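What you are looking at is a predicted structure, and each value in this text was computed from that prediction instead of being measured. Chain letters run A, B, ... following the sequence lines, proteins first and then strands; every chain starts at 1.
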Amino acid sequence: MERTLVAKTPELVGQKVLVKGWVQARRDHGKLIFIDLRDRSGLMQVVFWGGGDEALFKKADSLRSEYVVAISGTVQKRSENQVNKDLPTGMVELAAETLEVLAESATPPFEIDAVPGEVGENTRLQYRYLDLRNPRMARNIRMRHKFIKEIRNFLDSEGFVEIETPILTKSSPEGARDFLVPSRLHHGEFYALPQAPQQFKQIAMIAGFEKYYQIAHCFRDEDLRGDRQPEFTQLDMEMSFVDQEDVLEINERLFQTVIAKLYPDKKMPKKFPRLIYDEAISKYKSDKPDLRKNKDDNDELAFAWITEFPVFEKDESGKLTFAHNPFAAPKDEDLEKLYSDDEKTLLSMRSKAYDLVLNGYELSSGSIRIHDMQIQRRVFEMMGLNEHQIKERFGNFIEAFKYGAPPHGGMAPGLDRILMILQEEPTIREVIAFPKNGEMRDLMFGSPSPATPEQLRELGIKTVE
RNA sequence: GGGCCGGUGGAGCAGCGGAGUGCUCGUCUCCCUGUCACGGAGAAGGUCGCGGGUUCAAAUCCCGUCCGGCCCGCCA
């Protein structure tokens, strides 16, 4: 007999069906036992009567939470006063005729349908497979899937190509701390995990794909926050022959299309308002202002663009460093300032860099890139890199630009953050199936963990002490 | 690296110097034919994170340490 999902049963009144799933609850009334059966489609009630098949009834009596079962029986319409209006399958129930226990379950350390936030996150992360059985968590992960699927549909229809870029790649010298992977064949040398596929996507433009995207895993070895994980997912995208206007326009359409389809109750501006960086700072004291009229309204999506970021800023030591991204192109009218040696002039330079912000969160950075390597070299020089360092760190990248690099630009919205906001969750951990805890540990598998002496020897790593 | 908060039966909490005292849920046994957070009766389950100190007496106060959460730094 073919398996039926419980959500289908309301259409199958009077028919014999076989359902499979987990026992969410057992209500024992002596001569009458109810089971709430959960599968990926939802919940349904199963009834066992005493007085008939004694062996079947005894077996039903032995069921416990989270047992995996296969039950066959007849779908019955419930009488008027027995309908459960809170359950999509509440107008029917299954009159059980056979019961097979496919797997028993130990008593779960917490209740599967616990109120969100009631169970400590530590415990939840350690038993994530149980936590993900919670309807709210399952819904988050399924919405994440749909959201990514709609993004792919949209970008595919716009002529974008999804290209996978390597996870084992080269250390980028600035910005966040890299995760390093020791090389076995080349002792003392390391791969770095990508902080973003930045240079690869620019290379893809030189390769002529013109429109690239990737649901990209990014890695940054910095301390965690509620909206920060060591590995996270960005919608990474890049386009050739575009100006800033084109990038902003397609992203507005992307988010409006996808969100309107999946979250019809959410309200967002038809045209995302724009704020010049200096204006945002002076008016809101923030480069990621929360522009909602009502800060408690979770259905209001106050998207906004922040534009014209500074090219340079000073770090705490007073050294000049790039403010946004070393690949962001300065505004055309500011280009000549790049050759000034006056610090004030340099600090007044503005770039074709832009951020997408939403309800007080930075969703995305992006920019029109420098595609003239003379200018790119100059930016690196201004950051204090000498000729040797530029060649060492960016030589191959710069080399590629000799061979016909089209003007290009892009951006990379963080998927975890936008899903956190759309699902109205307090942290991005709630929309990531298997996140790390605040100390960057995977509590389920116990990583990081020590390597064996053999592994270390192969990698040429001597342990300290 | 720094600041703040927390750690008490399986889960979540209360107790904050006087007996492991209490609550909700779960677990186990028994009863129950219409429940759906079923109900009723009973029971089991604890090194109060760990180590040291103060005290007649420590879950409670102090010091240290481990673990966790939030924030600052950091996050091209």
Side-chain angles (χ1 to χ4, degrees), chain A residues 24-38 43-52 57 61-62 64-66 76 78-87 89-91 93 95 105-127 130-131 171-178 194-199 218-230 232 288 309 311-313 315-316 321-328 351 353 355 362 365-367 369 379-380 383 393-394 412 414 426-427 429 436-441 443:
Chain A
Q24 172 133 334
R26 180 183 61 119
R27 290 180 292 280
D28 184 348
H29 287 246
K31 294 281 182 306
L32 181 65
I33 296 173
F34 298 102
I35 297 292
D36 287 342
L37 186 77
R38 183 187 69 243
L43 273 182
M44 96 170 296
Q45 176 165 278
V46 180
V47 200
F48 295 87
W49 281 274
F57 192 74
D61 194 47
S62 73
R64 294 293 181 272
S65 285
E66 300 307 312
Q76 296 181 340
R78 298 199 203 180
S79 68
E80 201 76 20
N81 58 328
Q82 286 169 8
V83 167
N84 182 348
K85 290 186 180 61
D86 298 327
L87 212 59
T89 61
M91 72 295 292
E93 63 191 7
S105 169
T107 302
F110 51 86
E111 288 152 80
I112 298 304
D113 55 348
V115 180
E118 191 179 280
V119 180
E121 200 175 14
N122 219 12
T123 312
R124 292 176 51 204
L125 288 176
Q126 189 182 343
Y127 298 94
L130 299 179
D131 189 40
S171 172
S172 68
E174 298 289 338
R177 195 177 291 115
D178 285 317
Q195 296 182 25
Q198 179 70 28
Q199 293 179 56
C218 304
F219 306 84
R220 294 176 192 180
D221 190 4
E222 297 293 344
D223 287 358
L224 272 41
R225 289 286 188 283
D227 64 350
R228 268 168 28 194
Q229 281 274 301
F232 57 99
K288 45 180 182 182
F309 275 77
V311 176
F312 296 110
E313 64 186 10
D315 65 18
E316 63 269 32
T321 179
F322 51 88
H324 205 76
N325 176 322
F327 308 109
S351 69
D355 272 6
E362 179 192 322
S365 285
S367 64
R369 322 298 181 189
V379 170
F380 288 145
M383 284 159 44
R393 296 172 186 183
F394 297 104
T427 77
R429 295 189 294 271
K436 305 282 188 290
N437 76 355
E439 294 295 314
M440 256 195 241
R441 284 188 184 281
L443 297 177

**Message:** Whole angstroms only, please: what is the CZ-P distance between A:R177 and B:G73?
**Reply:** 15 Å

**Item:** Distance in angstrom units between A:D223 CG and B:G68 C1', rounded
**Value:** 15 Å

**Integer-rounded Å distance: B:G69 C1' and A:L443 CG** = 12 Å

**Message:** Measuring to OP1 and OP2 of B:G12, would you say a side-chain N or O of A:T123 lies under 4.0 angstrom away?
**Reply:** yes

**Shortest non-hydrogen separation from A:F57 to A:K31 and the atoms involved** = CZ-C, 3.7 Å

**Request:** Choose from B:C75, B:G10, B:C25 the nucleotide whose nearest atom is closest to any side-chain atom of A:P109.
**Result:** B:G10

**Message:** Give me the distance, rounded to whole Å, that separates B:C4 from B:G64 when you measure between the P atoms they each carry.
**Reply:** 12 Å

**Item:** P gap between B:U21 and B:C62, integer Å
**Value:** 25 Å

**Item:** Spacing of the P atoms in B:G49 and B:G20 (rounded, Å)
**Value:** 15 Å

**Message:** Would you compute the distance between atom OG of A:S65 and atom CG of A:D113 and round it to the nearest 0.5 angstrom?
**Reply:** 8.5 Å

**Complete:** Paired with A:P326, the side chain to side chain contact (heavy atoms under 4.5 Å, CB included) test is passed by just one of A:R369, A:Q198, A:M383, namely A:M383

**Message:** At under 4.0 Å between heavy atoms, how does the protein contact nucleotides 31-50 of chain B? Give one character per nucleotide, 5' to 3', with B, S or -.
**Reply:** -BBBBB-B------------

**Complete:** note: A:K436, atom NZ; B:G68, atom P; distance rounded to Å ~ 14 Å

**Prompt:** With sugar-phosphate meaning primed atoms plus P, OP1 and OP2, does A:Q198 contact a base, only sugar-phosphate, or nothing at under 4.0 Å between heavy atoms?
**Reply:** base

**Message:** Once hydrogens and angles are ignored, does a donor-acceptor distance under 3.5 Å link the base of B:C75 to the side chain of A:R228?
**Reply:** yes

**Request:** Would you please test A:D131 and A:L125 for side-chain contact (heavy atoms from CB on, under 4.5 Å) and show each step?
**Result:** CA-CA 7 Å; A:D131 189 40; A:L125 288 176; 5.8 Å; no

**Asked** Whole-Å distance between B:A11 P and A:E121 CD?
**Response** 16 Å

**Prompt:** Parallel, tilted or perpendicular for A:H324 and A:F309, by the 30°/60° rule?
**Reply:** tilted

**Prompt:** Any side-chain heavy atom of A:L32 within less than 4.5 Å of one from A:F48?
**Reply:** no

**Prompt:** Say you pick atom C1' in B:C75 and the same atom in B:U55; how far apart are they, in whole Å?
**Reply:** 49 Å

**Message:** Going by side chain to side chain contact (heavy atoms under 4.5 Å, CB included), A:C218 matches just one of A:P197, A:P230, A:P194. Which one?
**Reply:** A:P197

**Asked** How many angstroms lie between CG in A:L224 and OG1 in A:T427, if you round to the nearest 0.5 Å?
**Response** 10.5 Å

**Message:** Any side-chain N or O of A:R225 below 4.0 angstrom from OP1/OP2 of B:C72?
**Reply:** yes

**Request:** List the atom of A:L130, the atom of A:P108, and the distance in Å for their closest heavy-atom pair.
**Result:** CD1-CB, 4.3 Å

**Message:** Say we look at B:U33 and B:G40: how far apart would their C1' atoms be, to the nearest angstrom?
**Reply:** 16 Å

**Message:** If you apply the rule side-chain contact (heavy atoms from CB on, under 4.5 Å), what do you find for A:E93 with A:Q76, and how did you get there?
**Reply:** CA-CA 5 Å; A:E93 63 191 7; A:Q76 296 181 340; 3.8 Å; yes

**Item:** B:G52 versus B:A11 - spacing of their P atoms, nearest Å
**Value:** 25 Å

**Complete:** Separation of B:C75 atom P from A:E313 atom CD, nearest Å, is 9 Å

**Request:** Write down the distance between CG (A:L130) and C1' (B:G10), rounded to a whole number of angstrom.
**Result:** 13 Å

**A:E121 CD to A:N437 CG distance, which is reported to the nearest 0.5 Å** = 8.0 Å

**Request:** Could you give the distance separating B:U47 and B:G9 at their C1' atoms, to the nearest angstrom?
**Result:** 12 Å

**Prompt:** Does the side chain of A:R64 get closer than 4.0 angstrom to OP1 or OP2 of B:C28 through an N or O atom?
**Reply:** yes

**Item:** Duplex segments of RNA chain B, taken as runs of at least three Watson-Crick or G-U pairs that stay under 3.5 Å
**Value:** B:1-7 with B:66-72, B:10-14 with B:21-25, B:27-31 with B:39-43, B:49-53 with B:61-65

**Message:** Taking B:U29 as the reference, what is the distance to B:G15 when you measure between their P atoms (whole Å, please)?
**Reply:** 35 Å

**Item:** Touch class at under 4.0 angstrom, heavy-atom based, for A:A323 against every strand present
**Value:** nothing

**Request:** Rounded off to whole Å, could you give me the CD-to-P distance for the A:Q126 and B:G12 pair?
**Result:** 11 Å

**Asked** Picking from B:U27, B:G68, B:G73, which would you name as closest to the side chain of A:R441?
**Response** B:G68

